[in-house]
Amino acid sequence: MKDLYLFNTLGRKIEKFTPISENIVKIYCCGPTVYNYAHIGNLRTYFFEDILKRILIYNGYKVYHVVNITDVGHLVSDADEGEDKMEKGAKREGKTVWEIAEYYTEAFKKDLHELNILYPDVWCKATDNIKEQIELIQCLEKKGFTYITSDGVYYDTSKFKNYGKLALLDIEGLEEGKRITFSEEKKNKTDFALWKFSPKNVKRQMEWDSPWGKGFPGWHIECSAMSMKYLGETFDIHCGGVDHIPIHHTNEIAQSEGCTGKQFVRYWLHGEFLIQEKGKMAKSAGEFLTLPVLLEKGYSGLDYRYFMMMTHYRKKLKFSFKALDSAKRGFNNLKDEIIKLKDSISYSKDSNIVINTSRLNFWKDKFIENINDDLNVTGGLGVLWDMLKDNSLNPKEKLSLVYDFDNVFGLKLKEVEREEIPDEILKLVEKRKAAKLNKQWKEADEIREEIRKKGFELLDHKNGETEIKKIK
RNA sequence: GGCGUCGUACCCAAGUGGCUAAGGGAGCAGUCUGCAAAACUGUUAUUCAUCGGUUCGAAUCCGAUCGACGCCUCCA
């Protein structure tokens with residue numbers, strides 16, 4: 001087994017990866033809040049996690065992967081009178097919060113499917129694990145980390161040693177309430193709610209009984225409770241978007257380690273944002289691009305996947321249609337290349353082309369060297385293209401490497417096939433052939449144009465044969 | 001105000017102390033062709049935001065400047 005190196009946010013350096021148990025890697029990834037569609041920026045994070053998972057598998061590990069579904073609405077702010085994203089979404093669409101959660105969960109799973117992202121072993125919903133969350137809060141209460149205010153149970157962050165070590169927080173420098181006013185009852189500016197009381201006189205659609213009164217769990221407790229429930233008190237990898245570093249993950253550490261007294265997570269990995277001209281793509285800003293919109297515009301999920309492979313997960317990626325088009329072009333060229341390889345193997349009279357293992361290993365080593373260096377798929381993609389241009393390899397060898405690398409890329413390269421040409425088009429091709437033989441160039445060109453309008457392109461080759469390709 | 005990140009060709013980008021600065025897209029030239037497209041061949045950064053410093057040697061390390069961005073509110 002080759003060494004795998006990952007950038008650990010905890011400590012901010014690249015470290016050699018070693019799992020707790022020899023062959024199984026336990027991963028928890030923060031999932032979506034299902035009050036709306038995921039936008040293409042959200043999806044970039046799940047793509048990065050998919051690449052991580054595929055690289056672990058490529059390296060011979062078994063992966064046990066848990067993703068949560070946040071179906072409890074989190075308040076817009078502490079001071080807010082109780083409207084939350086889920087309830088807001090429900091109101092907007094005239095449905096119950098439960099229906100909203102169900103609908104957007106399915107939409108999310110569909111997006112992942114389009115992107116060929118492997119599903120986790122466990123999907124866990126916050127609302128299915130209220131009991132575990134309450135128990136965790138009780139544990140923290142017993143150990144003296146909590147206090148109660150008029151609106152909820154809070155975590156006293158001054159009681160937790162090294163609070164903020166993940167984010168390198170300079171607590172003194174934080175400007176509390178820079179953009180929003182906070183509860184005055186909080187003891188420290190970094191304190192956060194573990195349990196929120198239902199507002200008086202307001203009937204929430206989602207609320208539960210607890211030892212502290214009717215209400216709902218705080219913003220961060222679900223991830224601590226569920227990750228430990230499914231993966232144990234200490235597990236290997238926890239991932240999410242970079243925005244989670246300073247608050248969400250910082251608080252998860254405080255909650256979990258406060259209760260167990262043990263290290264919560266060994267490797268923290270964070271994916272950078274997809275940005276657009278003006279900055280990050282944000283759901284709260286209203287306008288955002290979703291995968292279904294890209295599909296409508298004629299891009300496939302895999303086109304977008306290839307686009308995301310153009311850069312490293314820890315770098316911001318600027319989205320533009322121009323960039324997406326060039327990725328799509330590149331991806332199409334790659335698929336054409338594969339079709340040519342398949343053709344040349346099936347047309348070859350020599351049915352026993354030998355695969356030379358040492359040549360294969362040369363390229364496999366190059367590939368793994370890239371991807372094992374903190375998930376450098378972009379470099380891996382470069383290796384793929386270089387390999388395809390290596391004339392010392394025969395088509396069988398190339399194709400076997402393509403399939404091998406695709407275990408990491410996830411571009412479904414094995415399924416790439418030449419499109420079926422409809423009879424209607426074949427007839428036109430015959431007609432044009434006849435015209436060409438009679439040197440009726442004008443007519444031949446007209447037929448070619450007609451075929452083009454029907455979505456197919458004709459390419460006349462030197463040997464007199466005509467290739468028909470679907471226009472992508 | 002504090003903290004953090006980034007700046008490599010026309011675009012997307014790999015490379016983070018030492019062979020000719022990967023790869024993809026796009027462009028250009030040639031071969032081929034009834035024409036076109038495709039294909040093939042060649043080609044497009046003496047230079048890595050700028051200016052200094054460290055070093056035998058820097059895109060890579062250090063400092064300053066300029067520019068872009070993220071976080072300090074829930075957020076991928």
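The sequence lines fix the lettering, A, B, ..., with proteins before strands; numbering per chain opens at 1. Just so we're clear, the structure is a prediction, and the values are computed from it rather than from any experiment. Reckoned from all heavy atoms, side chains included, excluding hydrogens, waters and symmetry mates.
Between the CG atom of Asn333(A) and the C1' atom of rA26(B) there is a distance of 12 Å, rounded to whole Å. One interatomic measurement links the two molecules: CG of Leu324(A) to P of rG24(B), which rounds to 19 Å at whole-angstrom precision. Rounded to an integer number of Å, the gap from CZ of Arg432(A) to P of rC35(B) is 13 Å. As a whole-Å value, the separation of Asn68(A) CG from rC75(B) C1' is 14 Å. Across the protein-nucleic acid pair, His39(A) atom NE2 and rA76(B) atom C1' stand 7 Å apart, rounded to whole Å. Regarding Glu337(A), its CD atom lies at a distance of 14 Å from the P atom of rA38(B), rounded to whole Å. If you measure from atom OH of Tyr304(A) to atom P of rG25(B), you get 20 Å, rounded to the nearest angstrom. For the pair Lys189(A) NZ and rU73(B) P, the computed distance is 10 Å after rounding to whole Å.
With sequence neighbours excluded, the residues that form a ring pair (Phe, Tyr, Trp, His ring centres under 6.0 Å) with His248(A) are His220(A), His244(A). Listed by chain and residue number, Phe367(A) satisfy the ring pair (Phe, Tyr, Trp, His ring centres under 6.0 Å) test with Phe409(A) (two or more places apart in sequence, or in another chain). Under the rule for a side-chain hydrogen bond (donor to acceptor under 3.5 Å, both in side chains), the partners of Asn59(A) that lie at least two apart in sequence or sit in another chain are Asn372(A). Evaluation of the ring pair (Phe, Tyr, Trp, His ring centres under 6.0 Å) rule for Phe456(A) yields no partner, not counting sequence neighbours.
No more than 12 heavy atoms of other residues, nucleotides or ligands shown are found within 6.0 angstrom of NZ on Lys364(A).
One finds no side-chain N or O of Arg448(A) lying less than 4.0 angstrom from the OP1 or OP2 phosphate oxygen of rA37(B). For Asn42(A) and rC75(B), the shortest distance from a side-chain N or O to OP1 or OP2 is not below 4.0 Å.
Base pairing annotation: rA59(B) forms no Watson-Crick or G-U wobble pair, as no partner gives both donor-acceptor distances under 3.5 Å. rA38(B): no Watson-Crick or G-U partner with both key distances under 3.5 Å is found in any strand. Summarising the base pairing, rA14(B) is matched to no nucleotide, lacking a Watson-Crick or G-U wobble pair whose two defining distances lie under 3.5 Å. When both distances must be under 3.5 Å, the Watson-Crick or G-U wobble mate of rG1(B) is rC72(B). Both distances falling under 3.5 Å, in either a Watson-Crick or a G-U wobble arrangement, occur for no nucleotide opposite rU33(B). Nucleotide rC6(B): paired with rG67(B) (Watson-Crick or G-U wobble, both distances less than 3.5 Å). Across all strands shown, rA26(B) pairs with rU44(B); the Watson-Crick or G-U wobble distances both stay below 3.5 Å.
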Would you list the atom pairs, donor with acceptor, under 3.5 Å between side chains in residues 106-122 of chain A and any protein atom, with sequence neighbours excluded?
from: Asn116(A); atom 1: ND2; to: Gly410(A); atom 2: O; distance (Å): 2.9
from: Tyr119(A); atom 1: OH; to: Lys109(A); atom 2: O; distance (Å): 2.7
from: Asp121(A); atom 1: OD2; to: His65(A); atom 2: N; distance (Å): 2.8

Across nucleotides 7-16 of chain B, 5' to 3', mark each nucleotide with B, S or - according to how protein heavy atoms within less than 4.0 Å reach it. S---SBSSS-
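Nucleic acid contact class of Trp385(A) (heavy atoms, under 4.0 Å, all strands): sugar-phosphate only.
In this structure, the side chains of Cys239(A) and Tyr267(A) stay at 4.5 Å or more apart for every pair of heavy atoms.
The same atom, P, is picked in rC6(B) and in rA14(B); the two are 12 Å apart, to the nearest Å.
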